[in-house]
There are 2 protein chains.
Amino acid sequence: MKSKKELILETALDLFAKKGFNATSTSKIAKAAGVSEGLIFRHFSNKDGLLQSILDLGKERSVKLFEGISELELPADKLKYILQIPFNIPYTEYAFWKLLYAIKWQADKYDEEISNQLKSIVIDIFNQLNYPNPELEAEFVMMLFDGMATAVLLKDSNESEEIEKLLLQKYNIPI
Amino acid sequence: MKSKKELILETALDLFAKKGFNATSTSKIAKAAGVSEGLIFRHFSNKDGLLQSILDLGKERSVKLFEGISELELPADKLKYILQIPFNIPYTEYAFWKLLYAIKWQADKYDEEISNQLKSIVIDIFNQLNYPNPELEAEFVMMLFDGMATAVLLKDSNESEEIEKLLLQKYNIPI
DNA sequence: TACTTTTGTAAGTGATTACTCACTTTTAAT
DNA sequence: ATTAAAAGTGAGTAATCACTTACAAAAGTA
């Protein structure tokens, strides 16, 4: 059975992703979760603390999405795997990724950890592939990654599979 | 001399871009602009009306960024021009573009007009270039466009010129 | 000049905000 | 069974929210 703490976290993530952090009041969260408003502050101190807990949990889960990378041998396979991540975000994780990308634009709340983590993996890959400028090349991949993730998350696109194919093809990666 | 109406528009755009629409109160806008709060509502009816006016004015200005396209003859040149737009956003327009991209994630406020306008131009280009699937190819370019614009707007990157070169090169476009 | 419209202000409005506090209930350990 | 800690509640708080209203100054028009 779900604890009330978990219920608050889930409900808040849901509302934050849908309406935005600032447009979602703690009273609305409490009402939607069916708990008293005071309990939110008992568990998370304040609204920012609630957001941080949501982000931390999401990060833990997203690490698992990245774990598949290290199991691959060839750097080209690793790159392919990474480029495919935006198209393989589990539907249950949409809310978290939406929140993550929406928060990017709020200077004070933005958390670069996930992005930086992935970027250093990509730099390693381009090093292994002997690219002349691995750092720059990684920056470019991250840009692609964000563009794709945005497209997937915002339009519930029916053609995301075709875009995925097009991307791999443009990156000279066999499908 | 700047009218108080213009002053409100500029100040609000600035604050919306920096802190977000919901985190910026009308009283803060009034204080920052040095006008009475009531004047905001005299001119724009309500806070959403203020946002709409800001977006409309920004759209008018961004149309000028797109006008250069039609002056070019070759479709390949047009494509090159479009891919370069994110790197050529005037610094004075940063606030507007930041606001535009931030708002994307708020379902109720998102305005697709600029994006759709540009996309139809890109579809035409790929038609002229006889690509097998111009619609899909345009979707991909728009994704690239958004990814690049995001990167340029969020990091005050010193290496954006190098990324620009890398992009044109990857897209087989002579620099 | 006389009059109308537009622009502007100051002081409000009720509703909502994040958060606190005093208190009760539940859980868990001895 | 006793007790202490943790979980949970409901009714508060002052501050801030978007917005209104009554009125004054300025600008435009005849």
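The shown structure was predicted, so the numbers you read here are calculated from the model rather than taken from an experiment. Chain letters run A, B, ... following the sequence lines, proteins first, then strands; residues in each count from 1.
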**Item:** B/S/- contact track for nucleotides 5-14 of chain C, protein heavy atom under 4.0 Å
**Value:** --BBB-----

Between atom [atom1] in [X] and atom [atom2] in [N], what is the gap in whole Å?
X	N	atom1	atom2	answer
Lys31(B)	dT16(D)	NZ	C1'	11 Å
Phe41(B)	dA18(D)	CZ	C1'	5 Å
Phe44(A)	dG8(D)	CZ	C1'	13 Å
Lys19(A)	dT16(C)	NZ	C1'	16 Å
Leu7(A)	dG8(D)	CG	P	10 Å
Lys2(A)	dA7(D)	NZ	C1'	19 Å
Asp48(B)	dC17(D)	CG	C1'	14 Å
Ile40(A)	dA7(D)	CD1	C1'	14 Å

**Item:** Bend angle of the helix from dA2(C)-dT29(D) to dT30(C)-dA1(D), from helix axes over five pairs at each end, nearest 10°
**Value:**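 Result, rounded to 10 degrees: 20°.
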
**Request:** Answer with yes or no whether the side chains of Ser27(A) and Glu37(A) bring together a donor and an acceptor at under 3.5 Å.
**Result:**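 Ser27(A) and Glu37(A) do not have a side-chain donor-acceptor pair below 3.5 Å.
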
Is there a side-chain contact between [X] and [Y], using heavy atoms and a 4.5 Å cut-off?
X	Y	value
Leu39(A)	Arg42(A)	yes
Met148(A)	Ile163(A)	no
Phe140(B)	Lys170(A)	yes
Tyr101(B)	Asp146(B)	yes

**Asked** Which sits closer to the 5' end of DNA chain C, Ala23(A) or Ser45(A), going by the nucleotide each is nearest to?
**Response**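 By nearest-heavy-atom nucleotide position, the 5'-most residue is Ala23(A).
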
**Considering all heavy atoms, the nearest Ile29(A)-Thr24(A) contact** =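 Heavy atoms only, the tightest pair is CG1-CG2, 3.7 Å.
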
**Request:** Give the minimum heavy-atom separation between Phe96(B) and Leu55(B), together with the two atoms involved.
**Result:**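 Closest approach of Phe96(B) to Leu55(B): CE1-O, 3.8 Å.
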
**Item:** Ion pair Lys59(B)/Asp56(B), N-O distance below 4.0 Å
**Value:**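 Here Lys59(B) pairs with Asp56(B) in a salt bridge, since their nearest N and O are under 4.0 Å apart.
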
**Request:** Could you tell me whether Lys109(A) and Asp48(A) have a side-chain N and a carboxylate O separated by less than 4.0 Å?
**Result:**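 Result for this pair is yes, salt bridge flagged.
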
Distances under 3.5 Å only, N/O to N/O: pair up the protein atoms with those of nucleotides 25-29 of chain D.
none

**Message:** So, using side-chain contact (heavy atoms from CB on, under 4.5 Å) as the criterion, who are the partners of Lys78(B) when residues are at least two apart?
**Reply:**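 Partners of Lys78(B) by the side-chain contact (heavy atoms from CB on, under 4.5 Å) criterion, ordered by chain and then number, come out as Ile69(B), Leu72(B), Ile125(B), Gln128(B).
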
**Request:** Identify, with sequence neighbours excluded, every residue that meets side-chain contact (heavy atoms from CB on, under 4.5 Å) alongside Asn116(A).
**Result:**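 So Asn116(A) forms a side-chain contact (heavy atoms from CB on, under 4.5 Å) with Glu112(A).
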
**From dT17(C), dA18(C), dT20(D), nucleotide with atom closest to Lys47(A) side chain** =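 Nearest listed nucleotide: dA18(C).
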
**Message:** Let's see if you can work this out: which of dA18(C), dC19(D), dC17(D) has an atom nearest to the side-chain heavy atoms of Ser25(B)?
**Reply:**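 Looking only at heavy atoms from C-beta outward on Ser25(B), the closest nucleotide is dC17(D).
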
**Request:** Return no unless some side-chain N or O of Ser27(A) is found under 4.0 Å from OP1 or OP2 of dT17(C).
**Result:**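 True: Ser27(A) side-chain N/O within range (under 4.0 Å) of dT17(C) OP1/OP2.
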
**Request:** With sequence neighbours left out, write down each residue that passes ring pair (Phe, Tyr, Trp, His ring centres under 6.0 Å) with Phe126(B), or none if nothing qualifies.
**Result:**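 Residues passing ring pair (Phe, Tyr, Trp, His ring centres under 6.0 Å) with Phe126(B): Tyr131(B).
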
